[in-house]
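Here is the structure we will look at.
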Number of protein chains: 2
Amino acid sequence: MADGAELSRGRATAEMVAARANVSRVAVSRAFNPHTSLKPEKRELILRIAQELNYTPDRAARALVSGRTHLVGVIVPDVCSNWESQEIDALTTALQAEGFATLLFKTRTDYSMDEQLLAYMRGFNPDSVIAFVENVKARTLAKFLGRAVPIYVDYPLPGATSAREAGPLFDRLNILQRDGIDQAVALLQGYGVRRIAYLAGVEKSRANVARENTLRQVMAARGMEPPTVIAGDFGYDAAYQSTVNLFRVGEGADAIFAANDVSAFGAMDALRHELKLRVPEDVSVVGFDDIAQAHWKSYNLTTVKFDLDERVQALVRLILRRLNNPDAPALEETLDTRLVVRGTVGARR
Amino acid sequence: MADGAELSRGRATAEMVAARANVSRVAVSRAFNPHTSLKPEKRELILRIAQELNYTPDRAARALVSGRTHLVGVIVPDVCSNWESQEIDALTTALQAEGFATLLFKTRTDYSMDEQLLAYMRGFNPDSVIAFVENVKARTLAKFLGRAVPIYVDYPLPGATSAREAGPLFDRLNILQRDGIDQAVALLQGYGVRRIAYLAGVEKSRANVARENTLRQVMAARGMEPPTVIAGDFGYDAAYQSTVNLFRVGEGADAIFAANDVSAFGAMDALRHELKLRVPEDVSVVGFDDIAQAHWKSYNLTTVKFDLDERVQALVRLILRRLNNPDAPALEETLDTRLVVRGTVGARR
DNA sequence: AGATAGAATGAACACGTTTTCACTTTTCGT
DNA sequence: ACGAAAAGTGAAAACGTGTTCATTCTATCT
């Protein structure tokens with residue numbers, strides 16, 4: 001029963017399992033790969049011995065020969081931002097169930113280092129990439145990512161107006177913002193709101209631009225004056241300050257439409273605790289995302305939601321599809337948004 | 001100028017760079033490894049050509065021969081939980097700066113699948129592991145992790161009473177809860193608080209047990225009756241319900257000491273919006289963590305803080321130290337906590 | 001100038017797996 | 001019971017890099 005080979009780096013190797021089981025090293029490899037032919041009892045024996053020895057095929061070696069790392073790179077500007085942390089959470093769970101793992105990278109909030117970061121990430125050879133980046137051109141992405149599969153969420157790539165045009169590597173998941181925003185504006189209008197202020201996110205980010213433009217279109221379609229825009233960065237503190245300024249220095253508003261829920265919280269706290277105004281009796285507030293905190297009693301925020309689970313499922317489906325079929329034509333899926341009505345929109349006093 | 005080799009899998013290889021630069025493949029390898037001897041102008045030439053060809057040494061091949069993946073596995077029960085998302089964020093930034101990447105895994109909130117998850121993670125060969133797991137024994141960890149370096153945060157491993165005893169693989173970072181909790185209790189006592197309720201976290205989690213025990217000890221040392229304990233799970237909703245029960249069915253309390261900030265928010269919202277009690281005039285509230293939301297105006301929470309940046313820096317320092325010197329004796333570092341006074345503790349009406 | 005130490009170099013091997021390709025054994029239909 | 005088809009098998013060749021080791025070149029010292 002002497003297992004000829006020594007412990008290599010503390011881990012068992014296929015060679016050692018083979019020696020123990022009196023089979024060839026190739027048989028061990030086959031035992032771990034489902035679509036190969038191997039006598040069932042032999043496979044069983046090998047797997048048992050492998051378990052005894054605590055053996056698992058080395059992923060580095062596997063990656064070297066197969067070109068697959070089973071890593072999915074995720075780039076976000078801010079893990080703490082509640083929306084993104086919820087997305088990362090759901091994504092990690094889903095990927096884990098499929099035999100993958102999340103490789104996390106952090107870009108800067110102002111999106112300034114995106115290109116270097118992509119190059120850095122490429123070094124880890126992820127099989128696929130989900131990126132919340134902003135200032136990167138389609139061809140740069142193609143250059144850096146090599147054979148990896150980026151799935152570019154939410155917004156069109158600059159330099160490629162459609163998924164098709166960007167080449168087969170770029171699948172895309174769109175969020176149709178119009179429905180939810182239209183429902184929100186309709187609700188506000190029904191309560192007699194006339195002057196809406198848009199509390200912006202990071203100025204040139206595509207999320208912010210898309211939301212602001214959609215809001216403008218929707219309001220115009222309903223015959224309303226364009227919204228006042230006040231600055232923000234998707235964060236609480238900036239939202240707080242901007243809201244205070246809007247009412248102290250500026251002209252105020254009947255309602256605030258925030259670029260995301262956290263901004264809405266900042267606006268609400270400014271209204272209530274600094275400006276001594278009531279929500280919604282004096283000013284209505286609408287958010288975007290429907291993060292978990294939106295239902296907390298202190299805020300109870302009316303907000304535009306898109307279904308996170310649905311989105312993550314779609315993302316993982318796209319990733320797996322492309323990995324199994326790298327040359328399939330680019331796919332584009334679209335998800336809806338809808339308004340979740342809670343307590344921050346109401347009749348004016 | 002014909003570069004003899006073809007494109008391999010879409011990526012340039014050291015062979016191709018060597019051919020272009022008229023040097024051997026070994027020279028290319030040396031150009032990318034700082035502590036090797038290579039004529040400066042030659043290294044420069046190689047690096048230039050490498051950049052032209054968009055070449056980076058393949059990490060899978062590198063990992064195969066060196067045994068280093070430059071991956072750090074991080075296991076958390078819940079990415080969304082604000083404390084953990086802030087930790088992940090800081091950790092990712094710090095690791096990125098050192099040439100590593102965060103490999104993220106999610107365990108279940110009740111910590112039930114920890115062992116399988118460790119085995120799964122081990123398959124990816126992380127160089128080091130930072131785990132928020134609960135029900136895993138020291139020897140199981142040693143078995144699964146092989147040569148990887150787990151750094152076990154906050155709480156002693158079951159089956160190993162000291163870092164030393166667990167063997168050289170286990171460094172540890174302790175949080176000294178006593179100081180901050182004592183300051184909080186002193187503050188409460190100063191305002192005449194007598195009956196404190198402890199709003200618990202996940203029942204058997206080490207974070208919860210440590211906080212409850214420390215609170216008991218501190219209160220006993222100050223001559224107070226032991227706290228009433230009410231159930232919780234570190235989340236908002238459970239905290240909300242438990243607080244309502246405490247005052248509707250149970251005996252109430254002068255102050256609530258919550259296991260973490262999110263629980264404290266749930267308790268505050270229950271007090272204010274459901275029970276129509278004032279904070280702090282009727283009931284004082286203290287949290288634990290000092291997450292970003294704690295300073296939001298709606299809560300303005302008095303809470304026990306430990307410095308996240310300090311902690312993350314210590315963690316990364318420990319990781320790098322062990323990677324450079326695998327056989328160094330186990331190290332144990334300790335961090336302090338302190339009370340951050342805001343507006344949720346005050347004189348009773 | 002000669003001896004010598006040190007740096008620079010490339011050939012060969014190692015890392016642990018998957019895959020191809022012949023080859024051998026088993027299974028099945030008649 | 002025979003042949004053909006199918007399934008099972010192991011030797012050898014990849015995959016792309018880091019690391020010895022013996023060799024050649026260069027610069028320094030006496």
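Proteins get letters first, then strands, A, B, ... in listed order; numbering begins at 1 in each.
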Exercise. For A/Arg11 and C/dA14, give me the distance from atom CZ to atom P, rounded to whole Å.
Key: 21 Å
Quiz item: Choosing from C/dG10, D/dT19, D/dG10, which nucleotide comes nearest the side chain of B/Ser29?
Solution: D/dT19
Self-check item: Candidates D/dT17, C/dT18, D/dG18 - which lies nearest the side chain of A/Val65
Solution: C/dT18
Practice problem: Can you run down the side-chain hydrogen bond (donor to acceptor under 3.5 Å, both in side chains) pairs that involve residues 22-31 of chain B, sequence neighbours left out, and say none if there aren't any? | Solution: none
Quiz item: In whole angstrom, what separates B/Phe32's CZ from D/dT19's C1'?
Solution: 18 Å
Quiz item: When you check the phosphate oxygens OP1 and OP2 of C/dT25, does a side-chain N or O of A/Lys42 lie under 4.0 Å from one of them?
Solution: no
Self-check item: N/O donor-acceptor pair, side chain B/Arg59 with base D/dG16, under 3.5 angstrom
Solution: no
Practice problem: Output, in order, the C-alpha distance, side-chain angles, deciding distance and verdict of side-chain contact (heavy atoms from CB on, under 4.5 Å) for A/Asn33 and A/Arg62. | Solution: CA-CA 11 Å; A/Asn33 292 47; A/Arg62 223 172 202 183; 3.4 Å; yes
Exercise. Would you mind telling me which of C/dT19, D/dG8, C/dT9 lies closest to the side-chain atoms of A/Lys39?
Key: D/dG8
Quiz item: Just to confirm, is there a sub-4.0 Å distance from OP1 or OP2 of D/dG18 to any side-chain nitrogen or oxygen of B/Ser66?
Solution: no
Quiz item: For B/Leu64 and D/dA14, what is the distance between atoms CG and C1' respectively, to the nearest whole Å?
Solution: 13 Å
Quiz item: Which of parallel (below 30°), tilted (30 to 60°) and perpendicular (above 60°) describes A/Phe100 and A/His70?
Solution: parallel
Exercise. Please figure out whether B/Asn22 or B/Ala61 has its closest DNA chain C nucleotide nearer the 5' end.
Key: B/Asn22
Exercise. Can you tell me the distance, in whole Å, between the CE atom of A/Met16 and the P atom of C/dG16?
Key: 10 Å
Quiz item: Of the candidate nucleotides C/dG10, C/dT9, D/dG8, which contains the atom at the shortest distance from the side chain of A/Pro40?
Solution: D/dG8
Exercise. Give the intermediate values and the outcome of side-chain contact (heavy atoms from CB on, under 4.5 Å) for residues A/Val76 and A/Ile88.
Key: CA-CA 9 Å; A/Val76 294; A/Ile88 293 172; 4.1 Å; yes
Quiz item: What integer distance in Å separates B/Asn33:CG from D/dT17:P?
Solution: 11 Å
Self-check item: Nucleotide of D/dT9, D/dG18, C/dT17 approaching A/Arg62 most closely (side-chain heavy atoms)
Solution: C/dT17
Quiz prompt | Closest-nucleotide ordering on DNA chain C, the 5'-leading residue of B/Val26 and A/Tyr55 | solution = B/Val26
Quiz item: A/His70 NE2 to C/dT17 P: how many Å, rounded?
Solution: 15 Å
Quiz prompt | Rounded interatomic separation in angstrom, taking CD1 from B/Ile46 and C1' from C/dG10 | solution = 12 Å
Quiz item: Is B/Arg30 side chain donor-acceptor paired with the C/dG10 base, going by distance under 3.5 Å alone?
Solution: yes
Practice problem: Applying salt bridge (Lys or Arg N to Asp or Glu O under 4.0 Å), name anything that partners B/Asp89, two or more places apart in sequence or on another chain. | Solution: A/Lys106
Exercise. Report the nucleotide, chosen from C/dT17, C/dC15, D/dT9, that has the shortest atom-to-atom distance to any side-chain atom of A/Leu38.
Key: D/dT9
Self-check item: Phosphate-side-chain proximity, A/Thr13 and C/dG16, N/O vs OP1/OP2 below 4.0 Å
Solution: no
Quiz item: What integer distance in Å separates B/Glu15:CD from D/dA14:C1'?
Solution: 13 Å
Quiz prompt | Greater than 12 external heavy atoms within 6.0 Å of B/Glu52's CD | solution = yes
